[in-house]
Amino acid sequence: MAKKYILKRVSLEDKVTEKPRTDVNFKIDYKNILNPAQYEAVITTEGPVLVIAGAGTGKTQTLVYRVARLVEMGVNPQSILLLTFTRKAAQEMLRRAAMLIDSRCEKVSGGTFHSFANLILRKFAHKIGYPSNFTILDQSDAEDVINLIRTNLGFDKQKKRFPKKQTLYDIISLSINKQCSIEEVVALQYPQFLDFIDDIKLVKSEYDKFKKKNALLDYDDLLLKLKELLEKDEEFRKYIHRNYKYIMVDEYQDTNKLQAQIVKLLGGTARNIMVVGDDSQSIYSFRGANFKNIMDFPKDFPDAKIITIEENYRSTQAILNFTNQIIQFMREKYPKVLYTKNEFGELPQIIAAENTTLESKFVVDKILDLREEGIPLQDMAVLFRSGYISYDLEIELNKAGIPYRKFGGIKFIETAHIKDMISFLRILNNPIDKISWFRVLQLQSGVGPKKARMLTDEIEEDVTKGVFNFKNFLNTKNLPESVYNLFKVLDEANGKSLSPAERINIILPFYEKILREKYDDFQKRLKDLEIFLAISERYNSLNSFLDDLALEPPTQSVYDIESPGSEDEFLTLSTIHSAKGLEWHSVFVIGVVEGFFPNTRASETFEDLEEERRLLYVACTRAKRNLFISYPLVMFSRIDGVTYSKKSRFIAPIDPQYYEEWIINEE
């Protein structure tokens, strides 16, 4: 009798539910190499997983070993998708995983959200109405296109100041990444442009049409188009779920709303999604990052397993005790207490200096002491809330001959508004300085390059003849009103007995009007000029002030330049945002003073204030052995004059047993 049976074809969808083998003779002794929390994260392969990895707890190692284990279990490497925030990070993780087992790990699909979206959209371009050879606009290209549209629509000739191309790009980009309306972005971040809402929306509409017509996609489009395909195209969605079965996301606290939506869509019904991050290090809201993504993961995936990694391999216990205190006062967080098997170490130090000059001198002296103790400059860093905080310190470092590199901001004299102010002062110091004249003249309304060149030639001729002075030129030439006013200010600021600060105080009200017209972010630039004025207070001679400011300008980005001189080592100066993920033997956090850290604007909302607290936590957790936090007791503001300050509210309530406190006064 013939045997009856049913022959059933296995579909690709059926294969998605296959579980990797666990009965494997693993090459790696995962249990003994990893700590218990790391091990749990590595062996939990199925379903949604949230790994809260505290600062310095071996987050990268956890991801590397999880990739290796999945590959050892027989998972097709190409079906593992590792999403990181830099291509370098993904490449490094996969290289390390390959060293643990074999080259199969290098076939894992790893990269950034944008690179993954580009790879997929090239293959499915027809589904979004684009050719596969579409062009990607970088930010500069995108701003130029927006500027072209802005001009074509006649918005460059508005009677009221219309947003510049970079501001328009920022508004459009934030609305996409935050998945909110143009109105919401403008109301929150650019309220001065609320009257232009309809015009801004028109610019966006024309921008989108231009991109479509010319087969262009900007960075945000890559993510937006991927999300739309995942949502609306079932065939495409099935393809993704067949090909990517294990999703791993690094630095999940830094994702924006759009990226979080993509992650959820990538998981499909299997939902094998592991996200790794630290809620206490969420500090990029200004780029659109959404703190709620990591906090709401258990809401998005109610059956998610939460694993907290708390053993720290970076810092001493003394530093961890201090940093644990900082986040203890956060209201919205995942509870964690970092600990280490490292030595207890020296207590962190909080230093109150009489003024910013003494604060800078303390930092320089301490750096020199540590250098003599055998700690290389490259193992030290000075961190700050905003780039301008280090201006005074940069002058002291140059005086002491300490080479440094600055990250996360433009060096002091490279900012346009500081260059402008220095040009005013250089003209007062040396009226034949044609470069400074050319710059300052073109700041005046109605003066272009041709007119500026003609006036500069006339000034040079008078100086050469020995007959030039500001008042004579003012009275004997037929000058445009804007240039006439410029010479009146220069003449007033030219008194020989005036100090640099007194000269700046004469020029600032005149320049402030130009600044307000020229820059959408003039308020931030005004803050820089206040710091510039404060530094000038230390000088009696204009010549010596300008000499000290004349730092060697880099020829490349601050990220690429070599340290000054022939020194092989350098000190790192960095904004805290740019220091995230890095570590040093000794860390100085300067300017930790109320009103600056947190800054006054951040104090307006609970969310911004909490992010400022996380920012200080990130700064302090960069330190391995020494942590110094400093602030001045007296600060200078152009509006308020000399004001007495106090330590930041973030360090004030910390239990004194966790730090040493010092006060520095003039001898």
Peer 1: Assess the pair Phe570 and Tyr404: is the distance between their ring centroids shorter than 6.0 Å?
Peer 2: no
Peer 1: Without swapping roles, check the side chain of Thr84 against the backbone of Asp250 for a donor-acceptor pair under 3.5 Å.
Peer 2: no
Peer 1: Can you confirm whether more than 12 heavy atoms, excluding those of Lys257, are under 6.0 Å from its NZ atom?
Peer 2: no
Peer 1: Salt-bridge test for Glu343 and Arg625: reply yes if a basic N is under 4.0 Å from a carboxylate O, no otherwise.
Peer 2: yes
Peer 1: When you compare the side chain of Tyr190 with that of Thr167, does any pair of heavy atoms fall below 4.5 Å?
Peer 2: yes
Peer 1: Quiz question: by atom type and distance under 3.5 Å, do the side chains of Tyr207 and Asp218 form a donor-acceptor pair?
Peer 2: yes
Peer 1: Could you go through the salt bridge (charged side-chain N to carboxylate O under 4.0 Å, His left out) check for Glu234 and Lys238 one step at a time?
Peer 2: CA-CA 6 Å; Glu234 188 178 353; Lys238 284 183 177 179; 3.7 Å; yes
Peer 1: Take Ser586 and Asn626 through the test side chain to side chain donor-acceptor pair (under 3.5 Å) and record every step on the way to the result.
Peer 2: CA-CA 4 Å; Ser586 299; Asn626 294 322; 3.0 Å; yes
Peer 1: A side-chain contact here means heavy atoms from C-beta on lying under 4.5 Å apart; do Leu573 and Phe384 qualify?
Peer 2: yes
Peer 1: Between Tyr65 and Ile28, is the side chain to side chain contact (heavy atoms under 4.5 Å, CB included) condition met? List the steps.
Peer 2: CA-CA 9 Å; Tyr65 276 83; Ile28 301 169; 3.7 Å; yes
Peer 1: With a 3.5 Å distance limit and no angle check, can you tell me whether Thr323 reaches the backbone of Leu320 through a side-chain donor-acceptor pair?
Peer 2: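 Checked: pair present.
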Peer 1: How far apart are the closest heavy atoms of Asn321 and Phe344, and which atoms are they?
Peer 2: ND2-CE1, 3.6 Å
Peer 1: Which heavy atom of Asp254 sits nearest to which heavy atom of Gln281, and what is that distance?
Peer 2: OD1-O, 3.9 Å
Peer 1: For Leu100 and Val64, work out which heavy atoms get closest and say how close.
Peer 2: CD1-CG1, 3.7 Å
Peer 1: Do Met274 and Val249 have side chains that approach each other closer than 4.5 Å (heavy atoms only, starting at C-beta)?
Peer 2: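 A side-chain contact under 4.5 Å is absent here.
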Peer 1: In terms of side-chain geometry, is the basic nitrogen of Lys204 or Asp208 positioned less than 4.0 Å from the acidic oxygen of its partner?
Peer 2: yes
Peer 1: Okay, side chain of Lys305, backbone of Thr44: is any donor-acceptor separation there less than 3.5 Å?
Peer 2: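 Looks like no, no N/O pair under 3.5 Å.
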Peer 1: Identify the heavy atoms of Ala97 and Val67 that sit nearest to each other, and give their distance.
Peer 2: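 For Ala97 versus Val67, the nearest heavy atoms are CB-CG1, 4.0 Å.
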Peer 1: Distance alone, cut at 3.5 Å: any donor-acceptor contact between the side chains of Glu611 and Ser285?
Peer 2: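 Present: a donor and an acceptor within the cut-off.
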Peer 1: Is it true that the side chains of Ser390 and Lys406 contain a donor and an acceptor less than 3.5 Å apart?
Peer 2: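 There is such a pair between these side chains.
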Peer 1: Would you say that Thr255 contacts Phe113 through its side chain, given a criterion of any heavy-atom pair below 4.5 Å between the two side chains?
Peer 2: yes
Peer 1: Between Glu143 and Asn147, does a side chain to side chain donor-acceptor pair (under 3.5 Å) hold up when you go through it step by step?
Peer 2: CA-CA 6 Å; Glu143 287 174 4; Asn147 197 46; over 6 Å; no
Peer 1: Between Phe116 and Tyr244, does the ring centre distance come in under 6.0 Å?
Peer 2: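 Yes, the ring of Phe116 comes within the 6.0 Å limit of the ring of Tyr244, centre to centre.
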Peer 1: In terms of heavy-atom contacts, does CD of Gln166 have more than 12 from other residues, nucleotides or ligands at under 6.0 Å?
Peer 2: no
Peer 1: For the residue pair Glu46 and Tyr246, confirm or rule out a side-chain donor-acceptor distance under 3.5 Å.
Peer 2: yes
Peer 1: Can you find a heavy atom in the side chain of Phe650 that is under 4.5 Å from one in the side chain of Arg613?
Peer 2: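 When only atoms from C-beta onward are counted, Arg613 and Phe650 do touch, with a gap below 4.5 Å.
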Peer 1: How far apart are the closest heavy atoms of Cys105 and Val71, and which atoms are they?
Peer 2: SG-CG2, 4.1 Å
Peer 1: Are the side chain of Asp379 and the backbone of Ile375 linked by a donor-acceptor contact shorter than 3.5 Å?
Peer 2: no
Peer 1: Glu311 side chain to Thr57 main-chain N or O, any donor-acceptor pair under 3.5 Å?
Peer 2: no
Peer 1: Which atom names give the shortest non-hydrogen contact between Glu251 and Lys580, and what distance separates them?
Peer 2: OE1-NZ, 3.1 Å
Peer 1: Keeping to residues at least two apart or across chains, list the ring-ring contact (aromatic ring centres under 6.0 Å, His included) pairs with something in residues 248-287.
Peer 2: Tyr252-Phe297, Tyr284-His577, Phe286-His577
Peer 1: Verify, without hydrogens or angle tests, whether Asn342 (side chain) and Ser315 (backbone) share a donor-acceptor contact under 3.5 angstrom.
Peer 2: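 Yes.
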Peer 1: To the nearest 0.5 Å, tell me how far Glu583 CD sits from Arg622 CZ.
Peer 2: 8.0 Å
Peer 1: Side chains of Asn32 and Asp29: donor-acceptor distance under 3.5 Å anywhere?
Peer 2: yes
Peer 1: Taking C-beta and beyond as the side chain, do Leu121 and Asn118 meet within less than 4.5 Å on heavy atoms?
Peer 2: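 No, their side chains stay 4.5 Å or more apart.
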Peer 1: In plain terms, say whether Arg271 and Asp303 are close enough for a salt bridge, that is, a side-chain N and a carboxylate O under 4.0 Å apart.
Peer 2: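 The answer is yes: the pair qualifies as a salt bridge.
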Peer 1: State, yes or no, whether a side-chain contact exists between Lys211 and Leu217 at a heavy-atom distance under 4.5 Å.
Peer 2: no
Peer 1: For the atom pair CZ (Arg66) and CD1 (Ile80), what is the distance rounded to the nearest 0.5 Å?
Peer 2: 8.5 Å
Peer 1: Check whether Phe26 forms a cation-pi arrangement with Arg69 (NZ or CZ under 6.0 Å from the six-membered ring centre, at most 45° off the ring normal).
Peer 2: yes
Peer 1: Do Tyr239 and Lys123 have a side chain donor and acceptor closer than 3.5 Å?
Peer 2: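 Their side chains do contain a donor-acceptor pair, which is all the 3.5 Å distance test asks for.
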Peer 1: Does any part of the side chain of Leu223, heavy atoms only, come nearer than 4.5 Å to the side chain of His114, both counted from C-beta?
Peer 2: yes
Peer 1: I need the single residue from Leu82, Leu81, Val51, Val276 that forms a side-chain contact (heavy atoms from CB on, under 4.5 Å) with Met248. Which is it?
Peer 2: Leu82
Peer 1: At what distance, to the nearest 0.5 angstrom, does OG of Ser280 lie from CG of Leu616?
Peer 2: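 Here the interatomic distance stands at 12.0 Å.
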Peer 1: Which is it for Lys336 and Asp279 under the salt bridge (charged side-chain N to carboxylate O under 4.0 Å, His left out) test, yes or no, and what are the steps along the way?
Peer 2: CA-CA 10 Å; Lys336 58 181 169 292; Asp279 55 298; 3.0 Å; yes
Peer 1: Taking the six-membered ring of Phe291 as reference, does the NZ or CZ atom of Arg614 fall below 6.0 Å from its centre and within a 45° cone about the axis?
Peer 2: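 Judged by the rule, Arg614 and Phe291 form a cation-pi pair.
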Peer 1: Using atom types as modelled and distance alone, determine if a side-chain donor or acceptor of Arg237 lies under 3.5 Å from a backbone N or O of Leu230.
Peer 2: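 Yes, the answer is positive, given that a donor and an acceptor are paired below the 3.5 Å cut-off.
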Peer 1: Decide whether Gln38 and Glu40 meet the rule of one side-chain donor and one side-chain acceptor closer than 3.5 Å.
Peer 2: no
Peer 1: Can a donor-acceptor pair be found, under 3.5 Å and without considering hydrogens, that links the side chain of Thr621 to the backbone of Val618?
Peer 2: yes
Peer 1: Among side-chain atoms of Gln325 and Tyr617, is any donor-acceptor pair under 3.5 angstrom?
Peer 2: no
Peer 1: Which donor-acceptor pairs under 3.5 Å do the side chains of residues 174-182 make with protein atoms, sequence neighbours left out?
Peer 2:
from: Ser175; atom 1: OG; to: Ile172; atom 2: O; distance (Å): 2.7
from: Asn177; atom 1: OD1; to: Asn256; atom 2: ND2; distance (Å): 3.0
from: Asn177; atom 1: ND2; to: Ser173; atom 2: O; distance (Å): 3.0
from: Asn177; atom 1: ND2; to: Ser173; atom 2: OG; distance (Å): 3.2
from: Asn177; atom 1: ND2; to: Asp220; atom 2: OD1; distance (Å): 3.0
from: Gln179; atom 1: OE1; to: Lys227; atom 2: NZ; distance (Å): 2.9
from: Gln179; atom 1: NE2; to: Ile176; atom 2: O; distance (Å): 2.7
from: Ser181; atom 1: OG; to: Glu184; atom 2: N; distance (Å): 3.1
from: Ser181; atom 1: OG; to: Glu184; atom 2: OE1; distance (Å): 3.2

Peer 1: Using modelled atom types only, decide if a donor and an acceptor are shared between the side chain of His241 and the backbone of Phe236 within a distance under 3.5 Å.
Peer 2: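 Not a single qualifying donor-acceptor pair exists.
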Peer 1: Count the heavy atoms belonging to other residues, nucleotides or ligands that lie under 6.0 Å from CE of Met99, then report whether that count exceeds 12.
Peer 2: no
Peer 1: Check whether any side-chain N or O of Ser282 sits under 3.5 Å from a backbone N or O of Asp278 as a donor-acceptor pair, and report yes or no.
Peer 2: no
